[in-house]
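Working notes for the structure below.
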Amino acid sequence: MNNLESYIKIYQALDNQFCKKIISELKGVEWQQHKFYNPLSKTYGTRNGKKELDISWNNIESKQELTDKVWKAIEQYIVTDLNKDYFDGWSGFTNIRFNKYKKTKLMDLHCDHIHSMFDGNMKGIPILTVLGLLNDDYEGGKFLMFDEQKEIKFKAGDIMIFPSIFLYPHRVTSVTKGTRYSFVSWVW
C-alpha cells in the first residue's frame, strides 16, 4: 500500500434487514446535537450552528450484535488487509455512536484525531475510524474526503475503515431529502 486511498477499505458487513432493525430501534433513543471538541480552549461547540447532525451513545437491543460485526470488520482490516508485522499497537475500539442526519443536517470538515475521547482509564487517540452506513434512502449526505476532493461511495450495510489522522479529512454534506443513519467507532 503506497497511496492514501489504499488505506480506505469498505466491507459489506450488515444485511438490509439488520440495518432496518437498528434504524427502528433508534427511533426510541435520545439524540443530542453533535459538538466538536476544541483542545486549545478545552470547550465543545458546533461549527455550523443548528446544522450539525444529531448523535446518540444510547444502547439498543441490537448493539451487541452490531459490535460483533464491527469487530469482524476491524479484524479483517488489521489482520488480513493491512497485514503489517509492525502494526501491533492498538488496544481496542470504542462503544458505538449512532449518527442521524435529518434534512439540512451535516458534519463539518474534520479529522478524527480526537483528543478528548480517551481521558479516563483508556489513554490515547484514535488510530482508525470505523464508519457504518445503515440506510441509503436519502438524498445529499455525501461522504467527502481529502479536502472535499473525493466522494467515497458506500451503501447501506457497508462498514468503511480508514486511518483517523490528519491525512484523512472528511465531512458529510447536508442531507436534502430523508434521514441518513450511520454509526461510528474508533480503534485506539
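- Contacts of Phe183 classified as ring pair (Phe, Tyr, Trp, His ring centres under 6.0 Å), with partners at least two apart in sequence or in another chain: none.
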Could you go through Val187 and Ile161, starting from their C-alpha distance and side-chain angles, then the distance that decides it, and tell me whether this counts as side-chain contact (heavy atoms from CB on, under 4.5 Å)?
CA-CA 10 Å; Val187 175; Ile161 302 177; over 6 Å; no
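- Residues Tyr101 and Leu106 come closest through the heavy atom pair CE2-C, 3.7 Å.
- Lys103 NZ: 12 or fewer foreign heavy atoms inside a 6.0 Å radius.
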Verdict with reasoning, Arg97 to Asn95, per side-chain hydrogen bond (donor to acceptor under 3.5 Å, both in side chains)
CA-CA 6 Å; Arg97 185 188 84 192; Asn95 191 16; over 6 Å; no
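- To the nearest 0.5 Å, atoms CD1 (Ile159) and NZ (Lys72) are separated by 12.0 Å.
- Atom OG1 of Thr176 and atom OH of Tyr138 lie 10.5 Å apart (nearest 0.5 Å).
- Considering only heavy atoms from C-beta on, Ser164 stays 4.5 Å or farther from Ile127 through its side chain.
- Counting heavy atoms from C-beta on, the side chains of Lys9 and Met160 never come closer than 4.5 Å.
- When all heavy atoms are compared, the tightest approach of Met107 to Glu52 is CA-OE1, 4.0 Å.
- The number of heavy-atom neighbours closer than 6.0 Å to NZ of Lys51, taken from other residues, nucleotides and ligands shown, is 12 or below.
- The shortest heavy-atom contact between Gly140 and Thr173 is C-OG1, 4.1 Å.
- Atom CG of Leu134 is separated from atom OG1 of Thr179 by 12.5 Å, given to the nearest 0.5 angstrom.
- Clustering ILVMFWY residues whenever any of their side-chain heavy atoms sit less than 4.5 angstrom apart, transitively, puts Val175 in a cluster other than the one holding Leu144.
- Looking at residues two or more places apart in sequence or on another chain, you find no ring pair (Phe, Tyr, Trp, His ring centres under 6.0 Å) involving Phe18.
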Where do Leu66 and Leu14 land on the side-chain contact (heavy atoms from CB on, under 4.5 Å) test, with the steps shown first?
CA-CA 8 Å; Leu66 178 58; Leu14 314 172; 3.9 Å; yes
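- Atoms NZ and CG, from Lys155 and Leu133 in turn, are 10.0 Å apart once rounded to the nearest 0.5 Å.
- Criterion: ILVMFWY side-chain heavy atoms under 4.5 Å apart, direct or through other members. Under it, Met145 and Leu109 are not part of a common hydrophobic cluster.
- Between Asp54 and Lys102 the shortest heavy-atom distance is OD2-CE, 3.6 Å.
- The distance from atom CH2 of Trp186 to atom CD1 of Ile74, rounded to the nearest 0.5 Å, is 12.0 Å.
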Under the criterion salt bridge (Lys or Arg N to Asp or Glu O under 4.0 Å), I'd like the reasoning laid out for Lys150 against Glu5: C-alpha separation, chi angles, the key distance, then a yes or no.
CA-CA 10 Å; Lys150 178 156 181 73; Glu5 286 186 42; 3.6 Å; yes
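- In this structure, CZ in Phe154 is found 7.0 Å from OG in Ser182, a value given to the nearest 0.5 Å.
- The aromatic ring centroids of His170 and Phe146 lie 6.0 Å or more from each other.
- For the salt bridge (charged side-chain N to carboxylate O under 4.0 Å, His left out) condition, the pairs that include at least one residue of residues 171-188, sequence neighbours left out, are Glu148-Arg171.
- Two residues are said to be in side-chain contact when any heavy atoms from C-beta on lie closer than 4.5 Å; Tyr7 and Leu167 fail this criterion.
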Would Lys63 and Ile96 count as a side-chain contact (heavy atoms from CB on, under 4.5 Å) here? Give the steps.
CA-CA 8 Å; Lys63 198 164 195 179; Ile96 292 170; 3.9 Å; yes
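- The closest side-chain heavy-atom distance from Lys100 to Leu26 is not below 4.5 Å.
- Across Lys50 and Gln33, no two heavy atoms sit closer than the pair CA-NE2, 3.2 Å.
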Derivation and outcome, side-chain contact (heavy atoms from CB on, under 4.5 Å), residues Asn99 and Tyr181:
CA-CA 6 Å; Asn99 301 322; Tyr181 289 94; over 6 Å; no
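- Looking only at atom types and distance, the side chain of Asp81 has a donor-acceptor partner in the side chain of Tyr11 under 3.5 Å away.
- Two residues are said to be in side-chain contact when any heavy atoms from C-beta on lie closer than 4.5 Å; Thr67 and Phe93 meet this criterion.
- With Tyr168 contributing its side chain and Leu4 its backbone, the two residues share a donor-acceptor pair below 3.5 Å.
- Side chains of Thr104 and Ser174: a donor-acceptor N/O pair is absent below 3.5 angstrom, by distance only.
- Side-chain contact between Val130 and Phe162 is absent, with no heavy-atom pair separated by less than 4.5 Å.
- At least one donor-acceptor pair under 3.5 Å links the side chain of Glu25 to the backbone N or O of Ser62.
- Between Ala156 and Asn135, the shortest heavy-atom contact is CB-CA, 3.6 Å.
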Would you check, one step at a time, whether the test side-chain hydrogen bond (donor to acceptor under 3.5 Å, both in side chains) holds for Asp108 with His110?
CA-CA 6 Å; Asp108 203 11; His110 68 285; over 6 Å; no
